[in-house]
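Counting begins at 1 with the first residue of the sequence.
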Amino acid sequence: MNKTFFPRFIDTPNIKTMLDSIGDDCAIMRMLGCTSQTVQKWRKTGQCPIAAHYAIFSITMWGKSVLESKAAMDA
């Protein structure tokens with residue numbers, strides 16, 4: 001039985017969609033310790049490092065939904 005509950009990279013929204021849903025680049029910069037130029041580059045290219053992608057996913061509505069579903073299943 002697969003105990004992994006976090007979705008595969010391919011099953012997550014693209015980085016532009018996630019950044020737009022957060023809207024606050026300052027929050028992303030504080031969370032990841034990156035610069036505004038880095039976040040702007042991610043928006044422009046639609047690409048970011050996989051670790052950053054998952055970190056950003058975890059604070060979006062989609063990531064929170066996955067975690068809440070897992071918690072409900074475990075309860």
To the nearest 0.5 angstrom, please state how far the [atom1] atom of [X] sits from the [atom2] atom of [Y].
{"X": "M31", "Y": "C26", "atom1": "CE", "atom2": "SG", "value": "13.0 Å"}
{"X": "I28", "Y": "I22", "atom1": "CD1", "atom2": "CD1", "value": "4.0 Å"}
{"X": "M29", "Y": "D24", "atom1": "CE", "atom2": "CG", "value": "8.5 Å"}

Do the side chains of [Y] and [X] get nearer than 4.5 Å, heavy atoms only?
{"X": "W62", "Y": "T12", "value": "no"}
{"X": "C48", "Y": "Y54", "value": "no"}
{"X": "H53", "Y": "M18", "value": "yes"}
{"X": "D25", "Y": "R43", "value": "yes"}

(request) Step by step, work out the side chain to side chain contact (heavy atoms under 4.5 Å, CB included) result for V39 and L32. (result) CA-CA 10 Å; V39 176; L32 298 177; over 6 Å; no
(request) Could you pull out the closest heavy-atom pair between I56 and W42, with the gap in Å? (result)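 For I56 and W42, the tightest heavy-atom pair comes out as CD1-CZ3, 3.9 Å.
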(request) Taking all non-hydrogen atoms of both residues into account, name the closest pair between K64 and I59 and its distance. (result)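 The answer is CE-O, 3.6 Å.
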(request) Indicate whether the side chain of Q37 and that of T35 have a donor and an acceptor atom separated by less than 3.5 Å. (result)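 Per modelled atom types, Q37 and T35 side chains form a pair under 3.5 Å.
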(request) I would like to know whether M61 and V66 meet side chain to side chain contact (heavy atoms under 4.5 Å, CB included); could you show each step before the answer? (result) CA-CA 9 Å; M61 61 184 165; V66 168; over 6 Å; no
(message) For S65, is there any backbone N or O sitting under 3.5 Å from a side-chain donor or acceptor partner on S69?
(response)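 Yes; at least one donor-acceptor contact below 3.5 Å.
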(message) Using only atom types and a distance under 3.5 Å, with no angle test, would you say the side chain of T45 pairs donor to acceptor with the backbone of K41?
(response)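 Checking the backbone N and O of K41 against the side chain of T45, a donor-acceptor pair under 3.5 Å is found.
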(request) Using a strict cut-off of less than 4.0 Å between a Lys/Arg side-chain nitrogen and an Asp/Glu carboxylate oxygen, indicate whether K16 and D20 qualify as a salt bridge. (result)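 Result for this pair is no, no salt bridge flagged.
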